[in-house]
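Below is one structure; the comments refer to it alone.
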Amino acid sequence: VIDIRKLYAQTGMFTYDPGFMSTGSCQSAITYIDGDKGELLYRGYPIEQLATQCDYLETCYLLLYGELPNDVQKKDFVGRVTNHTMVNEQMQFFLRGFRRDAHPMAVMTGLVGALSAFYHDSTDINNPEHREISAIRLIAKMPTLVSMAYKYSMGQPYMYPKNKLGYTSNFMHMMFATPCEEYEPNDVLVRAMDRIFILHADHEQNASTSTVRLCGSSGTNPFAAIAAGVACLWGPAHGGANEAALNMLEDIQRMGGVAKIGEFVAKVKDKNSNVKLMGFGHRVYKNYDPRAKLMRETCHEVLDALGLHNDPLFKLAMALEKVALEDEYFVSRKLYPNVDFYSGIVQRAIGIPVSLFTAIFALARTVGWIAQLNEMISDPEYKIGRPRQLYTGATRRDVQAIGQR
Ligand code: ACO
């Protein structure tokens with residue numbers, strides 16, 4: 001067996017692979033994707049089973065510890081997470097420094113990064129106990145932070161967590177209750193939100209997860225590494241696609257709705273237009289993203305529960321999907337709906353503002369980032385991530401005095 005890393009180090013050879021199209025950056029036992037089949041497994045369990053038979057905190061436990069919890073383990077884990085839902089009271093003053101119209105992802109990048117200043121008793125990434133407590137803190141506090149960012153943007157008072165509620169109901173309480181009015185949890189909506197969390201919990205070595213691993217590989221603290229993941233997720237080619245997909249559907253609706261799909265698709269196919277069909281295509285899935293299927297089902301459930309089955313955006317999305325799946329451009333490139341195509345419609349129906357979609361994705365993905373970080377740090381062979389480059393700049397030259405340049 002040739003140790004390719006040693007060989008490359010000895011000979012000075014390295015591979016050149018922009019966008020990491022065919023480079024495995026690590027070994028991982030957490031999430032498996034078969035892009036051709038459209039299969040997604042967390043620790044071996046199909047996403048369809050997890051999304052319909054488990055809740056988000058059970059899924060978190062599975063991703064972190066490798067097995068689904070039994071009753072006792074679940075109770076203990078839920079108790080530990082629930083103990084940490086509050087954030088340090090000083091955080092609200094930090095939040096007040098932001099403009100109220102700041103994008104929630106700008107605010108979240110700051111807030112999550114700031115956790116390392118507030119919880120500096122757990123910042124040694126090489127200490128398993130520190131990693132454990134920061135994992136629990138991050139999972140517990142993300143809903144509180146997202147809802148604080150939302151309430152701040154609305155000019156409303158923050159709602160403190162209500163720990164008698166479950167994880168997802170608590171999030172919805174912090175989002176939608178006011179001091180004047182309780183939030184009455186609707187089971188269908190809570191379940192839909194919980195499913196959104198499950199579907200977004202991990203997705204192997206995507207851009208933000210690779211960012212978290214690379215950032216953590218320098219030995220920085222867990223909160224800083226997760227903040228880097230939040231920043232990366234923001235981009236429209238990644239987590240920002242759910243916001244972009246809903247904006248796209250609303251634009252088509254304004255143009256005239258279903259009747260304008262042909263015109264829109266023609267624009268997407270025109271390579272000079274720079275317009276993409278947002279929520280379509282994936283680096284790994286060359287088949288239907290299984291999460292998109294579950295999201296489409298959830299869309300039906302939520303819209304039915306709210307009496308919105310004639311929702312024009314949902315109808316538009318389904319019609320657009322049908323046109324794209326029959327179009328040679330999309331078929332030949334194996335472009336199918338991804339999770340973001342329908343998740344925006346569900347979130348909008350639940351009452352989540354579009355600008356918060358990516359922050360909710362970050363909330364859900366936090367557990368995946370932590371599990372991946374833990375896996376990397378626990379590997380005795382892990383090294384600082386340090387890609388090489390193909391240098392294309394000037395050859396050696398001498399500095400001229402300023403008057404001679
Ligand atoms: N609309 C139109 N054309 C597309 C789309 C799209 N959504 N996605 C890919 N293509 C085209 C490309 O233009 C390219 O065409 P070409 O061969 O004629 O040049 C071909 O399909 C291959 O696409 P690449 O960009 O090479 O694929 P890559 O793996 O680099 O990109 C990505 C994947 C970024 C997800 C891309 O499909 C995209 O931008 N989709 C829209 C944004 C989106 O939905 N992102 C969410 C991803 S899932 C997630 O992060 C949770």
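Between the side chains of Lys37 and Asn287, no donor N or O sits under 3.5 Å from an acceptor N or O. No side-chain donor-acceptor contact under 3.5 Å links Ser25 and Arg213. Remark: the Tyr65 side chain and the Gln73 side chain contain no N/O donor-acceptor pair separated by less than 3.5 Å. Under 3.5 Å, the side chains of Glu375 and Gln27 contain no donor-acceptor pair of N or O atoms.
Atom CG of Leu145 is separated from atom CG of Leu111 by 5.5 Å, given to the nearest 0.5 angstrom. How far NZ of Lys162 is from CD of Glu182: 3.5 Å, rounded to the nearest 0.5 Å. Ser147 contributes atom OG, which lies 11.0 Å from atom CE of Met142 (distance to the nearest 0.5 angstrom). If you take CD1 on Ile384 and CG on Leu214, they are separated by 8.0 Å, rounding to the nearest 0.5 Å.
Taking every heavy atom of both residues into account, Tyr119 and Met86 meet most closely at OH-O, 4.1 Å.
Salt bridge absent: Lys267 and Glu263 never bring a charged side-chain N and a carboxylate O closer than 4.0 Å. Salt-bridge annotation for Arg191 and Asp194: present, with a side-chain N of the basic residue lying under 4.0 Å from a carboxylate O of the acidic one. The pair Arg80-Asp76 meets the salt-bridge criterion, with a side-chain N (NZ, NE, NH1 or NH2) lying under 4.0 Å from an Asp/Glu carboxylate O. Using a 4.0 Å cut-off between charged side-chain N and carboxylate O, Arg296 and Glu321 make a salt bridge. With salt bridges taken as basic N to acidic carboxylate O contacts below 4.0 Å, one links Arg254 and Asp251. The pair Arg43-Glu67 does not meet the salt-bridge criterion, since no charged nitrogen lies less than 4.0 angstrom from a carboxylate oxygen.
Checked against side-chain hydrogen bond (donor to acceptor under 3.5 Å, both in side chains), Thr358 has the following partners two or more places apart in sequence or in another chain: Asn242. Annotation: side-chain contact (heavy atoms from CB on, under 4.5 Å) contacts of Tyr32 (sequence neighbours excluded): Asp34, Glu39, Leu41.
A centroid separation of less than 6.0 Å is found between the aromatic rings of Phe314 and His300.
Counting only residues at least two apart or on different chains, no salt bridge (Lys or Arg N to Asp or Glu O under 4.0 Å) pair has a member in residues 215-243.
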